[in-house]
There are 2 protein chains.
Amino acid sequence: MKISEAARALESLGNETRLGIFRTLVRAGLDGLPVGRLQQRLGIPGSTLSHHIGNLVSCKLVTQKREGRVLRCTVNYTKMNALVAYLVKECCQDAGGC
Amino acid sequence: MKISEAARALESLGNETRLGIFRTLVRAGLDGLPVGRLQQRLGIPGSTLSHHIGNLVSCKLVTQKREGRVLRCTVNYTKMNALVAYLVKECCQDAGGC
DNA sequence: TAGTTATTTCGAATAAACTAGAAATAACGA
DNA sequence: TCGTTATTTCTAGTTTATTCGAAATAACTA
């Protein structure tokens, strides 16, 4: 993972509203949640919510799939795990290991 | 860890310059590095570097200790690990487990 | 096709972050 | 105390993010 890609994802999660959306989706698991359900749970105006979800999708932390009238959002666990791994990798390498 | 605290730390890491500083310190391990050494390695103007280090320190991802004329910066591994844990905790809890 | 629900896009106001030069402070050694 | 090195604080210009109402689009149902 490139540093610019990691920074982009961390920046996305570094907004309290987006982190709230993301954490709600993490708890929801593999099935995810429709946008409207997120709106119910979080109480955010639709345009604001859509803007933040778009941000999470654009850096691939969240994926979306249309199901009729509903857009279902799901955490991209592969991306999440890669991001977590990026933060800690090569730890203490310049000092000869932890 | 509160969501506001996690978002604050993620926001800090979500800037490419700061992420570069942080990753350099992660690789440096427990001994960390003086500010000047970071400046040599990263080639950032002093005032900009100081500003970003201050940001990392203010959200406790990095600690500083004066050693004579030099200020040594070290990653707060406890905080780093807590942040990583925050991102993945309660995963799939609303769906009955992963 | 008309109506309804779900969601996005547009637009514009407000707020905040990033950058870096210059000046200030801190700590040491002569 | 003076000079030198290390780092921060000040300041200001520029850029970028956040917010949300209103209007537009998408998909279904009658």
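Below, chain A is the first sequence line, B the second, and so on; all start at residue 1.
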Is there a donor-acceptor contact under 3.5 Å from the side chain of Arg18(A) to the main chain of His52(A)?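 Flag not set: sc Arg18(A) to bb His52(A) has no pair under 3.5 Å.
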Expressed as a whole number of angstroms, how long is the span from [X]:[atom1] to [N]:[atom2]?
X        : N       : atom1 : atom2 : answer
Gln39(A) : dT7(C)  : CD    : P     : 8 Å
His52(A) : dT9(C)  : NE2   : C1'   : 15 Å
His51(B) : dT11(D) : NE2   : P     : 15 Å
Leu33(A) : dT7(C)  : CG    : C1'   : 15 Å
Ile44(A) : dT7(C)  : CD1   : C1'   : 14 Å
Asn15(A) : dA16(C) : CG    : C1'   : 12 Å
Ile53(A) : dT8(C)  : CD1   : C1'   : 10 Å
Ile21(B) : dT7(D)  : CD1   : P     : 13 Å

Looking at dG21(D), I'd like to know if its phosphate oxygens (OP1 or OP2) sit under 4.0 Å from a side-chain N or O belonging to Ser47(A).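 No, because none of the side-chain N or O atoms of Ser47(A) sits under 4.0 Å from OP1 or OP2 of dG21(D).
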Would one find a side-chain N or O of Ser50(A) under 4.0 angstrom from OP1 or OP2 of dT8(C)?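 Yes, Ser50(A) has a side-chain N/O under 4.0 Å of OP1/OP2 on dT8(C).
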Using a heavy-atom cut-off of 4.0 Å across all strands, would you classify [X] as base, sugar-phosphate, or nothing?
X        : answer
Glu16(A) : nothing
Arg37(B) : nothing
Gly46(B) : base
Arg18(B) : sugar-phosphate

Is there a side-chain contact between [X] and [Y] (heavy atoms, below 4.5 Å)?
X        : Y        : result
Cys73(A) : Ile53(A) : yes
Asn76(B) : Val62(B) : no
Leu19(B) : Glu11(A) : no
Met80(B) : Val26(B) : yes

Nearest-neighbour nucleotide for the Val35(A) side chain, dT7(C), dT7(D), dC20(D) considered: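 Per side-chain heavy atoms of Val35(A), the pick is dT7(C).
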Choose from dT8(C), dT8(D), dT19(D) the nucleotide whose nearest atom is closest to any side-chain atom of Gln64(B).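 Nearest to the side chain of Gln64(B) among the choices is dT8(D).
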Who are the side-chain hydrogen bond (donor to acceptor under 3.5 Å, both in side chains) partners of Glu5(A), not counting sequence neighbours?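 So Glu5(A) forms a side-chain hydrogen bond (donor to acceptor under 3.5 Å, both in side chains) with Lys79(A).
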Encode nucleotides 23-30 of chain D as B, S and - characters from 5' to 3', where the letter depends on protein heavy atoms closer than 4.0 Å: B to the base, S only to sugar-phosphate, - to neither. ----BBS-
Tell me, please, whether Tyr86(B) has Arg23(A) positioned over its six-membered ring: NZ or CZ under 6.0 Å from the ring centre and within 45 degrees of its axis?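 Satisfied, under 6.0 Å and within 45°.
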